[in-house]
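Atoms within each ligand, like the ligands themselves, are counted from 1 in listed order. Not measured: the values here are computed from a predicted model.
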Amino acid sequence: MSDSAFHYVGGVLHAEGVSAASLAEQFGTPLYVYSRDALTRAYHAYADACAGRRATVHVAVKANSNLAVLNVFARMGAGFDIVSSGELARVLAAGGRAQNTVFSGVGKSAAEMREALEAGVKCFNVESIPELHALNEVAKSLGRKAPVSLRVNPDVDAKTHPYISTGLKSNKFGVAFGDARATYAQAHAMAHLDVVGIDCHIGSQITEISPYLDAVDKLLELVEQIESDGMSIRHVDVGGGLGITYDDETPPDIGDFVKTLLDHIEKRGHGQREVYFEPGRSLVGNAGVLLTRVEYLKPGEEKNFAIVDAAMNDLARPAMYEAFHRIVPVVKRDAKAHRYDVVGPVCESGDWLGRDRELAIEQGDLLAICSAGAYGFVMSSNYNTRPRAAEVMVDGERARLVREREEVKQLFAGESILPD
Ligand SMILES: *Cc1c(COP(=O)(O)O)cnc(C)c1O
């Protein structure tokens, strides 16, 4: 973690110039901490590689939708990729522009389509024929034309976890490759749709470039057929999905990844088209940690448990995908390490954050769960009536609360009991 935003100074974990121990003291735990510098650097890695090329970055909002995080990207001129009208509202509230926003997702409602069309989103990434009909109807009722791209399922193996692989035939996402040409013809025939692009998203936490090259090859083959059918495809959206280092993964460097794809598309004779990237995890994942305090140490015959105040409701990825997150002490101790399962207080055996971790810790110590910036807070819930964590953004020597900790009374404010 040496040149990263999260690093040790004199044995104490810091986020940029701020001690994580002081953040926990000031804001309490569990606490999500983001680094503005890490967000900025990750975005620049994409944007710099796109500079001077026909390519744009659309931040996948679902990976981390905190307004302050989105605002950091909006200030740098980012576009956005949304999957609900709620995310559109967040983008607009954070200073992003609908004109730079693409709307993805397999189940957009008519009301969501209407809102997005009225706001003026750049493109609807449509995933089925019934959705094309629905969008055409909504656009007709507004007297508009909706810009559309079809999410094509290129049927490539992204070589990642089955829950986060989305580009295979067996998957709910996208239009099957074999049906795509005919589906484009149908879209073209609808009076209130304007076919403008093609998109795919083959999965997440992908650590190789080759599945992307395979997907792009299939997309470009289709583009040539579609154009020979009389449509013009202005942009090719390659989706998101680039992986990050949680443990010992070695994903491609972001700049190399972007350049390799753009060069490949150019070499295939499609350099005139605009290329869209939709990164989520690779922008925010390693820009955040989750701070938690050790409540109890519970030694056992087979296992020792470190019971902490964060749980699966705060960070669902371990329970959901058996995902690995590094767990490190906030203040290093000069003591013998023991092996622990780091678990939360929720009443589920699946409530664990890390297994078999060598840690030198005592009751009351602080731990940092690393790489928690993506699919962390956004997936958190109130299970066990646990208020959701606070979120803080560090910027140099300063730290700012960017989401207040929830209070219990907020959790049932909308509920009521029967009158008799
Ligand atoms: C989730 C998603 C992304 C972002 O994926 P990451 O793995 O976080 O980069 C991009 N595009 C679409 C359509 C998505 O569903």
Side-chain angles (χ1 to χ4, degrees), residues 39 42-43 45-46 56-66 69-70 73 78-84 86-88 90-91 100-108 112 116 121-128 131 148-154 156 158-168 171-175 197-209 211-212 215-216 219 235-246 249 251-252 254 257-258 261 275-288 316-317 320-321 323 371-379:
L39 296 170
Y43 180 78
Y46 276 97
T56 39
V57 184
H58 300 83
V59 175
V61 173
K62 76 174 192 281
N64 188 320
S65 60
N66 181 283
V69 171
L70 299 182
F73 292 126
F80 294 93
D81 169 46
I82 56 167
V83 294
S84 70
E87 287 190 353
L88 175 59
R90 282 183 176 275
V91 165
N100 295 338
T101 298
V102 299
F103 193 175
S104 300
V106 69
K108 304 172 197 78
E112 288 182 309
V121 298
K122 177 154 78 170
C123 187
F124 289 85
N125 291 350
V126 172
E127 304 208 15
S128 67
E131 191 191 340
V148 299
S149 159
L150 284 184
R151 175 167 173 175
V152 173
N153 188 335
V156 299
K159 304 182 179 90
T160 184
H161 189 286
Y163 280 17
I164 47 181
S165 176
T166 55
L168 283 168
N171 209 279
K172 76 171 175 183
F173 296 106
V175 174
I198 190 166
D199 65 282
C200 70
H201 174 70
I202 57 175
S204 202
Q205 186 52 18
I206 299 167
T207 53
E208 290 171 48
I209 297 186
Y212 286 97
V216 161
L219 249 48
H235 77 255
V236 177
D237 182 340
V238 298
L242 190 64
I244 62 169
T245 303
Y246 285 100
E249 304 91 336
I254 291 172
F257 164 77
V258 169
L261 276 184
V275 178
Y276 294 0
F277 292 89
E278 296 174 350
R281 189 189 311 272
S282 53
L283 289 173
V284 295
N286 273 324
R317 299 187 69 257
M320 198 157 163
Y321 313 112
S371 312
Y375 307 103
F377 184 89
V378 287
M379 288 179 116

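Legend: residues meeting ring pair (Phe, Tyr, Trp, His ring centres under 6.0 Å) with Y212, ordered by chain and number and at least two apart, are F257. Taking N66 as the reference, N64, A68, V69, E391, V402, R403 meet the side chain to side chain contact (heavy atoms under 4.5 Å, CB included) condition, with sequence neighbours excluded. For K62, the side chain to side chain contact (heavy atoms under 4.5 Å, CB included) partners at least two apart in sequence or on another chain are V83, E87, Y375.
Seen from the ring of Y276, K122 counts as a face-on cation partner, given the 6.0 Å and 45° thresholds.
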Q | Full working for side chain to side chain donor-acceptor pair (under 3.5 Å) between R151 and S104 | A | CA-CA 8 Å; R151 175 167 173 175; S104 300; over 6 Å; no
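The contact shell of ligand 1, taken as protein residues with any non-hydrogen atom closer than 4.0 angstrom, comprises A60, K62, D81, S104, R151, H201, S204, G240, G241, E278, P279, G280, R281, Y375.
Considering all non-hydrogen atoms of both residues, A116 and F103 come closest at CB-CD1, 3.5 Å.
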